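These figures come from a predicted structure and were not determined experimentally.
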Amino acid sequence: MQNANLYRLFEQRIPNDPDAVFLDGIDGRQLRYSEIPSRSGQMLSLLQQHGVKKGDRVVVQVDKSIEAVLLYLACLRAGAIYIPLNTAYTPAEVGYFLGDATPRLFVCTPAKKVDLEAVAKDRGVASVLSLGGAADGELIDALESQPASNEVVQVEADELASILYTSGTTGRSKGAMLSHANLASNARVLFNTWQWQNDDVLLHALPIFHVHGLFVALHCALLGGSRVIFLPRYDVATVMRKLPEATVMMGVPTFYTRLLEHEEFGRETCANMRLFVSGSAPLLAETHREFEARTGHRILERYGMTETGMITSNPYAGERLAGTVGYALPGISVRVADDYGRALPRGEAGVLEITGPNVFQGYWQMPEKTAEEFRPDGWFITGDIAVMADDERVTIVGRAKDLIISGGFNVYPKEIESAIDDLPGIKESAVIGIPHPDFGEGVTAVVVPDGSTELSEPSVIAALKDRLARFKQPKRVFIVDALPRNTMGKVQKNILRDTYRDIFT
Ligand code: MLC
Ligand code: AMP
């Protein structure tokens, strides 16, 4: 029987050249392709020593490092389910994920080990190990003495490779279950659509706890046997310095607006570049145009989400149209539908729905939530509002879901409102996204006091510090007497967005 393990696909693509570099860190550390089987095999032995078996969850909140990628590959090989968490999450937030995922093993950074071990113990997690971005921690110490296992556990196509948590409109995060086949199909389709070349060099500055940096970027590189310039984070000066060595970069729109702000950025920096890809948030048409004027490159915008991986892409060879997200990727079907899942005529705005081999297996232990997001005919409801042109080109024009995207990170207003409403002195709150020159949208809270204590903008922000990850915290807080409501009593967020529209510009 064929083994559908995604690792098998990567293994087949390891270049023959024993010196070919996979991950090339700026700290001088490297991982060669020829080392992947043995190094991930050592990691696999370590996982097995900690009792990790097929189907077990492994939750990981670590800085970006070569070892973090090996840990991902080892989980695939073990048939375990890899669950990466945003490094910005507070211990309170991590506690929720540990309780929900009930992992066999939790891996965290050395600096947070003491705090997080207590959280993990509370949630009944058996093993906790530390791994640092500078390749320190218990996991590194233990790794060197491990024999390299050569096992690649047999899995079926629909068995789970990963769970990625994505917040929900109710404020509770949901774990999107992704199978080996989901990930493999999307990797293949992107590799082909973007015409990946043998000598491509990928500049990787994205975090590796989300679809974009972990799956889209790394999977394309693994299929191409490509060198990856592996930056610990996005820092515009380092990106400027390394871009001339690269041929491909993938980023959120903030990556591109920050480059454009850099005076020296221009044609020379991009002399070797073949492809710039943008996604995770809308790229302004004016950014697209300004980028082309400065560099001669038309950024290729694509659209996707955690539950599905990539859905549409502007064409590699055809016209990359600013403000649009292109066409459904091969093998994926999209429709713009009304509230009942009936396809609307071309040119009309409606909810984008999709089917395809990339669509996830449902939310972890939330069958009702899963059922709510699918039509009876099996199409997944993205919650994005789109228009389809006569030639089937898709433009995202809005969101049916109450969601803010800040610098490519999703923030669900409901979760922030609940945290604010729990603070003393607050009667109610409304959280909105306001246009922000750097982050695209800036999280903004409008708060009504209950009069029991003195409230101020800094006091509200300070009170949220330990409750919410930094990127979710409001950049501005406004104290008002009452929120605008319609006759049904619903808060009119559009009025608030209008009132505060210029605060960041
Ligand atoms: C950091 N901060 C943010 C933030 N990132 N605040 C709001 N939104 C963000 N995205 C906080 C910092 O903690 C800091 O707080 C302050 O804002 C300024 O930080 P900075 O130094 O300017 O931020 P930086 O570290 O440079 O990070 C910005 C960024 C980063 C844009 C480079 O957020 C990033 O890498 N984003 C990529 C997200 C991503 O990969 N998304 C893909 C999701 S997958 P303080 O208090 O210290 O001042 C997906 C599906 C798909 O959506 O289609 O791809
Ligand atoms: P996430 O849940 O983090 O995977 O975020 C997915 C959401 O990001 C989508 O549902 C869209 O709202 C948004 N998104 C991703 N790519 C784009 C894009 N190119 N243009 C507009 N929105 C996008």
Worksheet item: Do you see a donor-acceptor pair shorter than 3.5 Å between the side chains of Asp421 and Ser418?
Response: no

Worksheet item: Would you say the side chains of Ser333 and Trp379 form a donor-acceptor pair under 3.5 Å?
Response: no

Practice prompt. For the residue pair Thr444 and Arg497, establish whether any side-chain heavy-atom pair is separated by less than 4.5 Å.
Written response: no

Discussion item. Ring-plane angle category for Phe374 and Phe360, please: parallel below 30°, perpendicular beyond 60°, tilted otherwise.
Written reply: parallel

Fill in: Pairs flagged by salt bridge (Lys or Arg N to Asp or Glu O under 4.0 Å) wherever residues 65-86 is involved - sequence neighbours left out
Arg29-Glu67, Arg39-Glu67

Fill in: Those residues that, when tested against Arg13, pass side-chain hydrogen bond (donor to acceptor under 3.5 Å, both in side chains) (two or more places apart)
none

Item to complete: Applying salt bridge (Lys or Arg N to Asp or Glu O under 4.0 Å), run through Lys401 and Glu307 and close with a yes or a no.
Response: CA-CA 15 Å; Lys401 50 195 174 191; Glu307 287 89 336; over 6 Å; no

Discussion item. Can you confirm whether or not the ring centre of Phe97 sits under 6.0 Å from the ring centre of Tyr89?
Written reply: yes

Fill in: Thr90 side chain reached by Arg467 side chain, heavy atoms, under 4.5 Å
no

Worksheet entry | NZ/NE/NH1/NH2 to OD/OE distance under 4.0 Å, Asp377 and Arg335 | yes

Worksheet entry | Which residues share a side-chain contact (heavy atoms from CB on, under 4.5 Å) with Ala463, sequence neighbours left out | Leu423

Worksheet item: Quick one: does Arg104's side chain get under 4.5 Å of His50's, heavy atoms only?
Response: no

Discussion item. Between Arg8 and Glu11 (salt bridge meaning N to carboxylate O under 4.0 Å), is one present in this structure?
Written reply: yes

Fill in: Val252 and Phe409, any side-chain heavy atoms less than 4.5 Å apart
no

Practice prompt. Would you please name every residue forming a side-chain hydrogen bond (donor to acceptor under 3.5 Å, both in side chains) with Asp100, sequence neighbours left out?
Written response: Tyr165

Worksheet, complete the sentence: When rounded to the nearest 0.5 Å, the distance separating OH of Tyr96 from CZ of Arg172 is 4.0 Å

Worksheet entry | Polar side chain donor-acceptor pair, Gln361 to Asp158, under 3.5 angstrom | no

Worksheet item: Under 3.5 Å, is there a donor-acceptor pair linking the side chains of Glu138 and Ser130?
Response: yes

Worksheet item: Do Glu372 and Lys174 sit within salt-bridge range, that is, some charged N less than 4.0 Å from a carboxylate O?
Response: no

Worksheet item: Mind checking what makes side-chain hydrogen bond (donor to acceptor under 3.5 Å, both in side chains) contact with Lys64, not counting sequence neighbours?
Response: His204

Practice prompt. Answer yes or no: is there a side-chain heavy-atom contact under 4.5 Å between Leu222 and Leu9?
Written response: no

Worksheet, complete the sentence: What one should report as the nearest heavy-atom pair of Val128 and Leu105 is N-CD1, 4.4 Å

Practice prompt. Using side-chain hydrogen bond (donor to acceptor under 3.5 Å, both in side chains) as the criterion, list what pairs up with Thr254, not counting sequence neighbours.
Written response: none

